[in-house]
Amino acid sequence: MKTLIIYHSTYRKNTEKIAQMFAEKYGFELIDIKNAVNVNVSDYDLIGFGSGVYKENLSPKLFKLVESLDLKDKNVFVFSTSGVGMKLYNSKLIRLLESKGAINKGSFACKGSFTASDFSDKKIFDVFGKLSQGHPNDKDFRNAEKFIKSIL
Ligand SMILES: Cc1cc2nc3c(=O)[nH]c(=O)nc-3n(C[C@H](O)[C@H](O)[C@H](O)COP(=O)(O)O)c2cc1C
């Protein structure tokens, strides 16, 4: 399966680490959204979209790019890293992909480290910030691999 991953990872490269593991172990091609010009997805059997979560959303740039792509009948998946590591954050992008006729093969999420004071003064985030330290860790990478194997 010829696979492309397009990702946005600006804060701590947490999402990029997962994308790079996929590239190294499975030969996927990677495009950092920063360098995404004239993306042509027609050659690929599977396209993954990865992003960090910023204020409860995946990257708006990724949404914009997805809007512009021809994804009819394309196999796709979404992955994200976030302070809490919830798959729920992927839902909105999955809905957009499906509305464009893409076939959702699955979704993966894990924690990515952050420092609460970088984006919020809410106390609750201090707790999540502490719990996120060291992520993505070895277990996250193993789970990411398990996920990929299940959809290839
Ligand atoms: C501005 C900002 C907003 C964030 N908002 C959330 C959030 O709403 N929920 C959450 O779980 N994590 C949040 N985080 C934590 C990031 O999702 C987490 O660190 C992620 O791994 C960053 O991915 P990246 O290093 O690939 O950019 C936020 C981080 C930043 C810097």
Is a donor on one side and an acceptor on the other found under 3.5 Å between the side chain of D45 and the backbone of N75?
no
Do I6 and M21 belong together in a cluster built from hydrophobic side chains that touch within less than 4.5 Å?
no
When hydrophobic residues are tied together by side-chain contacts of less than 4.5 Å, even through go-betweens, does L62 share a cluster with F79?
no
Any cation-pi pair here, K2 with Y44, using under 6.0 Å and within 45°?
yes
How about V66 and L97: do any of their side-chain heavy atoms sit closer than 4.5 Å?
yes
Result of checking N143, I151, V78 against F108 for side chain to side chain contact (heavy atoms under 4.5 Å, CB included)
N143
The salt bridge (charged side-chain N to carboxylate O under 4.0 Å, His left out) partners of K146 (sequence neighbours excluded) come to none
On a heavy-atom basis, which atom in Y89 and which in L58 lie closest, and how many Å separate them?
O-CG, 3.7 Å
Euclidean distance, I5 CD1 relative to L30 CG, rounded to 0.5 Å
6.0 Å
Does CG belonging to D138 count more than 12 external heavy atoms closer than 6.0 Å?
no
Is the side chain of K17 donor-acceptor paired with the backbone N or O of F141 at a distance under 3.5 Å, no angle test?
no
With Y54 via ring pair (Phe, Tyr, Trp, His ring centres under 6.0 Å) - residues at least two apart
H8
Can you confirm whether the side chains of Y7 and E16 place a donor and an acceptor under 3.5 Å from each other?
yes
Interatomic spacing from OG in S132 to CG in N14 - rounded to 0.5 Å:
8.0 Å
Would you check if N90 and F49 make a side-chain contact, meaning some heavy-atom pair closer than 4.5 Å?
no
Quick one: does any side-chain atom of D32 pair with a main-chain N or O of N35 as donor and acceptor, under 3.5 Å?
no
Can F119 be reached from V84 by stepping across I, L, V, M, F, W or Y side chains whose heavy atoms are under 4.5 Å apart?
yes
One should read off an interatomic distance between K105 NZ and F147 CZ, to the nearest 0.5 angstrom, of 10.5 Å
Is there a path of hydrophobic side-chain contacts, each under 4.5 Å between heavy atoms of I/L/V/M/F/W/Y residues, joining Y11 to L93?
yes
N57 side chain near V53 side chain, heavy-atom distance below 4.5 Å
no
For K13, does the NZ atom sit with more than 12 other heavy atoms under 6.0 Å from it, leaving out its own atoms?
yes
So, Q133 side chain and F114 main chain: donor-acceptor pair closer than 3.5 Å or not?
yes
Say you draw a straight line from NZ of K64 to CG of L69; how long is it, rounded to the nearest 0.5 Å?
12.5 Å
Can you say whether the rings of F77 and F22 are parallel (under 30°), tilted (30 to 60°) or perpendicular (over 60°)?
perpendicular
Without swapping roles, check the side chain of S82 against the backbone of K111 for a donor-acceptor pair under 3.5 Å.
no
Following the transitive rule for hydrophobic clusters with a side-chain heavy-atom cut-off under 4.5 Å over Ile, Leu, Val, Met, Phe, Trp and Tyr, establish whether F28 and I47 coincide in one cluster.
no
Flag side-chain contact, heavy atom, 4.5 Å: R142 against K139
yes
Heavy atoms from other residues, nucleotides or ligands near NZ of K100 exceed 12 (cutoff 6.0 Å):
yes
For the atom pair NZ (K122) and CD1 (I124), what is the distance rounded to the nearest 0.5 Å?
10.0 Å
Could you pull out the closest heavy-atom pair between G85 and A109, with the gap in Å?
O-CB, 3.7 Å
Can any side-chain N or O of S51 pair as donor or acceptor with the backbone N or O of S80 at less than 3.5 Å?
no
Side chains of S42 and D70, heavy atoms from C-beta outward: is any pair under 4.5 Å?
no
Side chains of R12 and D118: closer than 4.5 Å at any heavy-atom pair?
yes
Is any side-chain heavy atom of Y26 closer than 4.5 Å to a side-chain heavy atom of E145?
yes
Using side chain to side chain contact (heavy atoms under 4.5 Å, CB included), reason through V39 and V41 one step at a time and then give a plain yes or no.
CA-CA 6 Å; V39 178; V41 293; 4.1 Å; yes
Would you name the heavy atoms of P136 and D140 that are closest together and state the gap between them?
CA-OD2, 3.1 Å
Regarding T81 and T15, is there a side-chain donor-to-acceptor distance under 3.5 Å anywhere?
yes
With clusters built from Ile, Leu, Val, Met, Phe, Trp and Tyr whose side-chain heavy atoms come within less than 4.5 Å, directly or transitively, what are the remaining members of the cluster of I103, listed by chain and number?
none
To the nearest 0.5 Å, what is the distance between CD1 (I33) and CG (L65)?
4.5 Å
F63 atom CZ, over 12 foreign heavy atoms within 6.0 Å:
yes
